[in-house]
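Structure first, then comments.
Excluded from the calculations below are hydrogen atoms, water molecules and symmetry mates; all remaining heavy atoms, backbone and side chain alike, are included.
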Amino acid sequence: FLSEEDKRQISLIRAKSKRRHEELHEGEDRRANIISEGEFNLQSIVGDLIDPKTGKMRELVDTRDLAEAKNFYDYCYRILGSDIHAPWAVQMWLAAMSLGEVCPKCTNPKYLDVRNIDKSLDSRSLNHPKRMTFLEHGVCPRCGATKRDLIQSGLLPTINQAVWTLGQRSGKSSTSAVVASYVLHRYLMYPMLSSMTNSMQASTELVIIFCSLTYQKAYDVMWTPFKNIVDQSQWFKSYFALLDSYAQQYGKELYINSKSILAFANKNIRCYPTGPTASR
């Protein structure tokens, strides 16, 4: 049993959490069942502290009130929305296929070949039962197949490297920028990878590098479009505001967002532009 002082401290913590969510305008408090009608509910508190994705204790920064993309298509049209110019149909196809977010069982076979993608087609039209079916959080919304199932069956290739050849004025920079921001979004919403595997140490830093023939080209052509998405989109603004609220509470800065570096201490992620070196 907890003492009255312990209960009082929990109530104070909860009150601080409630004020933080109100300041961030993130909607109703999902932890309203922790203390209800003046009664202490230990089971609710313990359940609230467990991350269902990992079965372990939640991390320092609680991101449950932030929207999470179902897939790249959803990221472009719902998470970013009007904050960006959505990729064209061919670029959307390339990203979705490279990321392994297409169900080959439920997608029209015609649309599994990029040469059949009409350049004039609005990319929003790809998400249609007669055209393509995108996985949602790694699961097909139509047949229920998981990404793991599709890969193990050989229907979905395992892609860990993609090389795209695109012509002039094809949106190369903007496409790479939005894909990179999506990858960052996914990792910011993931649990720490070290919490899900024993083969990775918590101190291991994840790095997103923007590399070109020279540092200046990397900065101008690749880094700047990516950084503009991060700085201007409402989702990333909300994420930074969330980190600011935790920084005030714990007295520790949790991110760096400068001209040439973007780093998140809570996820141990660092992004930056660079020129070619012997190791790249």
Side-chain heavy atoms of P87 within contact of V178, under 4.5 Å: yes
Pairing residues for Y75 by the ring-ring contact (aromatic ring centres under 6.0 Å, His included) criterion, not counting sequence neighbours: Y182, H185
Qualifying residue for side chain to side chain contact (heavy atoms under 4.5 Å, CB included) with M97, from I159, L112, T107, V114: L112
Where at least one partner belongs to residues 121-142, residue pairs that pass salt bridge (Lys or Arg N to Asp or Glu O under 4.0 Å), sequence neighbours excluded: none
Shortest non-hydrogen contact between C106 and T133, atoms and distance: O-OG1, 3.3 Å
Backbone N/O of G171 and side chain of S174: donor-acceptor pair under 3.5 Å: yes
Side-chain donor-acceptor contact under 3.5 Å, Y255 with D244: yes
Residue pairs, two or more places apart or on separate chains, that pass salt bridge (Lys or Arg N to Asp or Glu O under 4.0 Å) and touch residues 85-95: none
Non-hydrogen atoms of N268 and T204 that approach each other most closely: ND2-O, 3.0 Å
Connected via hydrophobic side-chain network under 4.5 Å: M222 and L166: yes
L242 CG to D62 CG distance, which is reported to the nearest 0.5 Å: 7.5 Å
Residues that A162 engages under side chain to side chain contact (heavy atoms under 4.5 Å, CB included), provided they are two or more places apart: S98, W164
Closest non-hydrogen atom pair, L243 against F264: CD1-CD2, 3.9 Å
Backbone N/O of V139 and side chain of T146: donor-acceptor pair under 3.5 Å: no
Flag for Y239-T63: side-chain donor and acceptor within less than 3.5 Å: no
Contact list for residues 252-270, test salt bridge (Lys or Arg N to Asp or Glu O under 4.0 Å), sequence neighbours left out: E59-K267, E205-R270
Near-ring test F210/Y272, centroid separation under 6.0 angstrom: no
W223 side chain near S212 side chain, heavy-atom distance below 4.5 Å: no
Spacing of SG belonging to C271 relative to CD1 belonging to I256, to within rounding of 0.5 Å: 11.5 Å
W235 side chain vs A67 backbone, donor-acceptor pair below 3.5 Å: yes
Any residue meeting side chain to side chain donor-acceptor pair (under 3.5 Å) with S170, in chain and number order, not counting sequence neighbours: none
With D74 via salt bridge (charged side-chain N to carboxylate O under 4.0 Å, His left out) - residues at least two apart: R78
Atom of S181, atom of F236 and distance for their closest heavy-atom approach: O-CZ, 3.7 Å
Residues that D231 engages under salt bridge (charged side-chain N to carboxylate O under 4.0 Å, His left out), provided they are two or more places apart: K227
Check against side-chain contact (heavy atoms from CB on, under 4.5 Å), K147 and D149: CA-CA 5 Å; K147 184 174 182 178; D149 295 335; over 6 Å; no
Closest contact, heavy atoms only, L66 versus S238: CD2-CB, 3.8 Å
Under 3.5 Å: donor-acceptor pair, side chain of S233, backbone of L80: no
Min side-chain heavy-atom separation F226-I208 under 4.5 Å: no
Close side-chain approach of L193 and L206, heavy atoms under 4.5 Å: yes
Distance in Å, M92 CE paired with M132 CE, rounded so as to fall on 0.5 Å steps: 10.0 Å
Candidate pair L188 and I269, rule side-chain contact (heavy atoms from CB on, under 4.5 Å), full reasoning: CA-CA 9 Å; L188 291 177; I269 296 175; 4.3 Å; yes
Under the side chain to side chain contact (heavy atoms under 4.5 Å, CB included) test, residues paired with K105 that sit two or more places apart: C103, C143, A145, L150, L155
Interatomic distance, L254 atom CG to L60 atom CG [nearest 0.5 angstrom]: 6.0 Å
Residues L262, L184; criterion side-chain contact (heavy atoms from CB on, under 4.5 Å); working and verdict: CA-CA 11 Å; L262 180 64; L184 177 60; 3.8 Å; yes
Ring pair (Phe, Tyr, Trp, His ring centres under 6.0 Å) contacts touching residues 132-162 (sequence neighbours left out): Y73-F134
Which atom of F72 lies closest to which atom of L99, heavy atoms considered: CB-CD1, 3.9 Å
Flag side-chain contact, heavy atom, 4.5 Å: Y111 against N108: yes
Partners meeting salt bridge (charged side-chain N to carboxylate O under 4.0 Å, His left out) with R148 (sequence neighbours left out): none
From OG (S176) to CG (L94), nearest 0.5 Å: 12.0 Å
Derivation and outcome, side-chain contact (heavy atoms from CB on, under 4.5 Å), residues S123 and W88: CA-CA 5 Å; S123 62; W88 296 324; 5.8 Å; no
Co-membership, hydrophobic cluster, residues L135 and Y190, 4.5 Å side-chain: no
Backbone of C211 reached by a side-chain donor or acceptor of T274 within 3.5 Å: no
Of all pairs that satisfy salt bridge (Lys or Arg N to Asp or Glu O under 4.0 Å), the ones with a partner from residues 170-191, not counting sequence neighbours: E101-R186
